[in-house]
Amino acid sequence: MTSTSVAPQPPGLRHASVIRFSAEYRTDTAFVANPRPRLSWVVATDSTDWQQAHAELRLTRSGTAESTVLEGTDSVLVGWPFGAIAAGEQVAVEVRVTGNDGGTTAWSEPLTLAGGYLEGQWQAEAIGLPAVAGMEISLGQPGQLRYEFTVGPGLAKATLFATAHGVYQAEINGSEVDDQVLKPGWTAYADRLNHETTDVTSLLQPGANAIGVWLAGGWYTEKYGFHGFAKPFYGGQPAVKVELRLEYAVGTRQTVASGPDWRGTTAGPLVSSGIYAGEAFDARRLEAGWSSPGFDDSHWLPASLDSGSWAEATPAVAPPVRRIEELPVREVLTTPSGATVLDFGQNLVGRLRIRVSGDAGHRITLRHAEVLEDGELSLRPLRQASATDGYTLAGAVEEEWEPRFTFHGFRYAQVENWPGELDPAAITAVVIHNDMRRTGWFDCSDPMLNRLHENALWGMRGNFLALPTDCPQRDERLGWTGDIQVFSPTASYLYDSLGFLSSWLQDLAIEQSHRNGVVPIVVPAVLGMLESPVAAWGDAATVVPWVLYERFGDSGLLRRQYPSMCDWADALLRVRDSSGLWQGQMQLGDWLDPAAPPDKPGAARTHGDIVASAYLFRSLDLTAKAAAVLGADDDRGKYSTLAEDVRSAFLSEYVTPSGRMVSDAQTAYSLALMFGISTDPVQRQALGDRLAELARLGGYRIATGFVGTPLIADALTVTGHVDAAERLLTQTECPSWLYPVTQGATTIWERWDSILEDGSINPGEMTSFNHYALGAIADWMHRTVAGLAPAEPGYRKQHLAPRPLRSLQHASTSHETPYGVASVAWKRSGERILVEAVVPPGTSAVVSLPDGSEEFEVGSGRYAWTVPDAGPAAAPGAASLDSPLSAIMDDPEAYAAVWQAIDAHDPAAATQFRKDTVWYRQTSLNQGLIFTPAPIKEDIGSALSALSGTRAAVPSTKP
């Protein structure tokens with residue numbers, strides 16, 4: 001019997017408070033990008049079943065307060081109830097909340113907001129570095145710009161606005177204006193730019209002042225393309241717009257704006273800089289005081305005016321890129337060739353900071369790579385990316401340097417020409433990515449699964465830098481739409497990625513608008529290839545907005561992206577064939593199916609037409625659902641009908657009456673099940689049973705690529721095969737999720753076998769060791785292994801449904817939902833399982849306990865339930881040479897004992913055994929080993945006998 005307990009609530013202890021109050025995505029700055037920013041607040045309370053009855057908002061502007069009462073339960077992304085915030089205006093807003101228990105919180109701490117948008121038109125002109133007559137400037141030449149100006153008495157406020165074609169950092173009077181890096185990020189430059197809005201009042205002084213700008217090409221001047229055809233896409237040289245607006249106490253205003261009277265140099269210390277190439281810095285050429293007043297810049301030249309077109313710049317909605325973490329050297333290695341290599345113990349994205357002393361002119365070289373091969377730095381996977389930084393010493397007592405406008409994906413760094421003995425404490429790895437708030441955690445009793453989850457987390461950190469990229473290390477680092485399409489649920493759990501992905505989706509819609517509704521495979525679109533629709537990649541237009549609506553409850557974003565969703569759906573309708581399906585066109589398909597050859601990553605077991613037609617249904621279905629949410633009833637009817645037509649055609653074309661798929665492959669079954677194409681219960685069960693059989697026949701090794709991998713565990717679970725999903729998850733042989741963990745991986749790999757079993761690097765051109773897409777399994781670990789999922793948008797209602805895996809003793813997860821922290825934890829105790837949960841205030845939960853009892857609903861509060869333990873299963877019986885191979889395959893301990901006994905004699909034969917067991921499953925083990933030498937058979941028999949003896953000595957405690 002199930003027992004239930006609720007944390008006691010002593011009389012009179014109903015304390016409540018507002019613990020988080022935020023505005024429209026960004027919480028770390030007063031500046032907002034919207035004059036009517038939506039507001040969200042989180043309440044902590046001791047009351048159970050707590051719901052908000054009403055909230056009171058109080059706004060203070062120009063010393064005058066006004067307030068309004070909002071009836072009802074809404075507390076997430078609530079519409080701004082006051083007059084718009086003017087550009088540059090600063091207001092303070094507070095909230096207090098009354099609950100259904102009659103209690104009212106105190107007023108929250110004031111949330112200071114300021115209009116972060118520019119009033120009127122830009123006065124700044126776009127300027128670049130000086131052009132020197134007769135001197136050829138290299139592509140993306142970096143340099144410095146400066147300008148001096150006078151500040152009068154009584155300065156009240158100074159705000160810096162800036163943007164660039166390239167990357168930049170500004171200094172005022174010798175100090176950097178903020179801690180952001182790689183500003184203004186990467187957007188679809190021709191149509192959209194971000195600008196910074198920074199309060200720099202404290203950096204200015206009455207009288208003489210100076211502003212300086214470091215400038216480099218960054219993504220704007222980078223070369224994009226493959227196989228030797230890379231070329232600049234946007235432009236050849238960087239440029240910047242800078243506008244400083246000053247307000248005085250007496251009401252006067254002053255503007256300092258970039259123009260031809262600024263001066264610049266390309267002869268400074270920043271010698272070269274590139275995203276792929278790395279950076280070179282000559283400290284001898286750094287001129288002290290260059291960004292301070294009084295500096296003699298007579299040898300600098302007038303800035304050049306940039307005559308190109310510039311898109312309108314708007315305030316950023318994504319959190320900025322910052323230095324997030326620092327890692328010390330874990331180990332200093334000497335390679336077989338004698339090189340010095342630093343191991344930081346973690347594959348990361350960022351750069352190195354060095355502290356060094358030596359003679360002027362001494363040059364240090366830093367090379368970066370993710371892995372070693374044959375004990376040396378493995379550079380081949382980087383392709384054309386040099387990933388090399390160089391520092392030339394000025395000759396000071398101690399110098400400190402960190403590259404400014406580049407980043408690398410690396411665990412290892414080779415240090416060349418270090419002066420004197422290298423002290424590892426003198427070099428630090430600096431981790432950079434967009435400064436999102438961490439919101440999701442997972443833990444269990446299996447250290448390897450914990451490492452897998454950590455690898456997914458680090459993969460996201462490394463690839464959420466300016467935009468969601470595929471990889472951070474080689475000559476690519478592009479916003480591949482397919483990767484984020486499959487990973488967006490995981491990303492939305494691990495971090496508050498709403499603002500980040502909202503920003504990127506704006507670029508997706510922009511790029512799509514230039515292509516008659518077709519979404520390019522990378523956003524921003526810099527490749528100029530595959531301009532026709534590509535399934536699973538272009539479907540990011542429908543999937544990602546829907547995921548963000550499900551996970552964050554942001555109907556405003558869904559409304560903004562809805563035209564993009566419709567345009568993509570309509571583009572797909574134009575490419576259907578006469579059967580009503582999406583067939584016969586070039587597709588990437590189930591990319592990187594492990595059966596695909598290294599040089600043909602799209603040659604998957606599941607036919608590309610099945611993938612395409614499944615996504616045709618998926619996008620039509622999601623567009624219909626979005627229309628329903630937004631009240632677009634005509635569209636809902638239109639797209640629902642079209643989705644039903646595709647469903648019928650798909651089942652007729654690809655699914656047999658007995659529940660077999662035309663492509664008898666795991667991804668095909670997973671698509672039909674998880675996209676809801678098959679709805680008949682009998683058929684769905686048949687599909688799930690066949691999927692489980694295929695997993696078993698494959699020895700529970702992964703047989704899916706980018707499309708199928710995020711779906712297969714769920715497809716097995718919903719059809720009653722969670723044990724098969726567990727075998728897939730906990731498999732350590734290649735290919736599997738845990739194989740890279742056995743090889744020391746600290747991020748998710750692009751290929752299941754990026755490192756082959758012999759320790760060599762996969763020979764394929766695409767061999768990244770930091771590719772988050774296959775880490776999408778983490779979402780299943782959150783929702784199923786631990787048991788926390790959204791049941792309504794934004795987790796206003798949660799689904800608590802832990803499914804304890806037989807191999808685990810405990811698992812837990814917590815997620816900071818828009819309403820507060822929700823958590824689920826379970827652990828085995830004797831013959832029972834204890835489940836504990838926290839449901840945050842203002843929400844409820846549907847509970848499905850692991851004993852199979854009927855679901856029930858609870859309100860907010862802390863809960864504990866105990867249920868009978870249905871697993872771990874009783875230990876299997878005796879295993880011997882006479883056991884059927886099918887029984888050996890289904891007995892992980894016996895299976896391991898057999899191949900390990902073979903491996904001790906002949907590793908190649910052991911590998912072949914693991915591949916061949918699927919074909920002889922009806923025969924006995926003895927028959928399957930008919931050609932195996934007698935000594936090996938004897939060792940196998942002894943191993944199985946020992947295993948059986950151990951089992952007999954420890955009887956099962958299960959009833």
Side-chain angles (χ1 to χ4, degrees), residues 318 321 324-325 346-350 370-371 381 407-411 431-434 436 438-442 449-474 476-498 500-501 504 521-523 536-537 540 543-544 547-548 551 588 590-592 601 702 704-713 729 735-741 745-752 754 766-782:
V321 178
I324 302 297
E325 185 178 351
Q346 171 65 53
N347 196 17
L348 60 97
V349 174
E370 295 182 300
V371 293
F407 62 91
H408 311 290
F410 68 100
R411 172 176 173 168
V431 178
I432 66 171
H433 58 77
N434 284 75
M436 303 167 293
R438 176 83 183 271
T439 55
W441 294 265
F442 174 87
L449 292 183
N450 290 339
R451 182 67 252 185
L452 172 65
H453 189 270
E454 194 73 2
N455 290 359
L457 177 79
W458 275 94
M460 177 180 174
R461 295 179 70 182
N463 284 290
F464 272 46
L465 199 165
L467 50 88
T469 58
D470 60 328
C471 62
Q473 74 296 94
R474 66 186 181 218
E476 195 165 350
R477 315 184 200 188
L478 304 176
W480 285 90
T481 49
D483 298 56
I484 191 58
Q485 185 265 130
V486 301
F487 192 75
S488 53
T490 304
S492 300
Y493 193 95
L494 295 175
Y495 280 92
D496 181 356
S497 54
L498 178 60
F500 178 89
L501 291 176
W504 179 76
I521 54 174
V522 297
V523 171
W537 273 254
V543 173
V544 177
V547 167
L548 296 180
R551 299 305 177 97
L588 298 179
D590 194 23
W591 190 251
L592 287 173
I702 287 291
T704 50
F706 267 39
V707 170
T709 296
L711 303 175
I712 185 169
L729 178 67
S736 68
W737 279 294
L738 292 185
Y739 169 74
V741 175
T746 60
T747 43
I748 300 296
W749 293 351
E750 180 176 23
R751 297 178 180 271
W752 299 108
S754 287
M766 301 184 311
T767 308
S768 160
F769 295 88
N770 195 347
H771 240 77
Y772 58 63
L774 299 179
I777 186 62
D779 191 55
W780 183 79
M781 295 165 72
H782 303 146

* **Heavy-atom closest contact (V486 atom, P710 atom, distance)** => CB-CG, 3.6 Å

* Structure fact -> Between the CG atom in L738 and the CG atom in L729, the distance rounded to the nearest 0.5 Å is 6.0 Å

* Asked: Heavy-atom distance under 4.5 Å between the side chains of P468 and F500, does that happen here?
  -> yes

* To do: Would you please name every residue forming a salt bridge (charged side-chain N to carboxylate O under 4.0 Å, His left out) with D779, sequence neighbours left out?
  => R551, R783

* Mind checking whether N770 and C471 have side chains closer than 4.5 Å, heavy atoms only? -> no

* Asked: Donor-acceptor pair, N455 side chain versus I748 backbone, under 3.5 Å?
  -> no

* **For H771, all residues meeting ring pair (Phe, Tyr, Trp, His ring centres under 6.0 Å), sequence neighbours excluded** => none

* Structure fact -> Minimal heavy-atom distance between G705 and L774, with the atoms involved, is O-CD2, 4.2 Å

* Structure fact -> Value for CG (L498) from CG (L501), rounded to nearest 0.5 Å, stands at 8.0 Å

* Are any non-hydrogen side-chain atoms of L494 and H782 less than 4.5 angstrom apart? -> yes

* State, yes or no, whether a side-chain contact exists between M781 and L449 at a heavy-atom distance under 4.5 Å. => yes

* Asked: Among all residues two or more places apart in sequence or in another chain, which pass the ring pair (Phe, Tyr, Trp, His ring centres under 6.0 Å) test with Y772?
  -> F464, F487

* To do: Can you see which heavy atom on I777 is nearest to which on A713, and at what distance?
  => CD1-CB, 3.8 Å

* Do Y493 and T439 have side chains that get closer than 4.5 Å, going by heavy atoms? -> no

* Pairing residues for W749 by the ring pair (Phe, Tyr, Trp, His ring centres under 6.0 Å) criterion, not counting sequence neighbours -> F769

* List for me each residue that meets salt bridge (charged side-chain N to carboxylate O under 4.0 Å, His left out) alongside R751, sequence neighbours excluded, and say none if there are none. => none

* Using side chain to side chain contact (heavy atoms under 4.5 Å, CB included) as the criterion, list what pairs up with R461, not counting sequence neighbours. => I324, E325, V431, H433, L457, W458, Y495

* Just jot down the salt bridge (charged side-chain N to carboxylate O under 4.0 Å, His left out) partners of E454, sequence neighbours excluded, or say none. => none

* D483 (side chain) donor-acceptor with A773 (main chain) under 3.5 angstrom -> no

* Evaluation steps, side-chain contact (heavy atoms from CB on, under 4.5 Å), between S488 and L548 -> CA-CA 8 Å; S488 53; L548 296 180; 5.8 Å; no

* Asked: For T746, what residues pass the side-chain hydrogen bond (donor to acceptor under 3.5 Å, both in side chains) criterion, not counting sequence neighbours?
  -> Q346

* Please confirm whether the backbone N or O of A318 pairs with a side-chain atom of W504, one donor and one acceptor, at under 3.5 Å? => no

* To do: Indicate yes or no: at least one non-hydrogen side-chain atom of W480 is less than 4.5 angstrom from one of T469.
  => no

* **Partners passing side-chain hydrogen bond (donor to acceptor under 3.5 Å, both in side chains) against Q473 (at least two apart in sequence or in another chain)** => E370, S768

* May I ask you to decide if the ring planes of W591 and W537 are parallel, tilted or perpendicular, using 30° and 60° as cut-offs? => perpendicular

* Structure fact -> Those residues at least two apart in sequence (or on a different chain) that pass side-chain hydrogen bond (donor to acceptor under 3.5 Å, both in side chains) with D590 are T667

* Mind checking whether V349 and N463 have side chains closer than 4.5 Å, heavy atoms only? -> no

* Would you please name every residue forming a side chain to side chain contact (heavy atoms under 4.5 Å, CB included) with P735, sequence neighbours left out? => P594, R701, I702, W752

* Sequence-distant partners of E750, salt bridge (charged side-chain N to carboxylate O under 4.0 Å, His left out), two or more places apart -> R474

* To do: Mind listing the closest non-hydrogen atom pair of T490 and A778 along with its distance?
  => CG2-CB, 3.8 Å

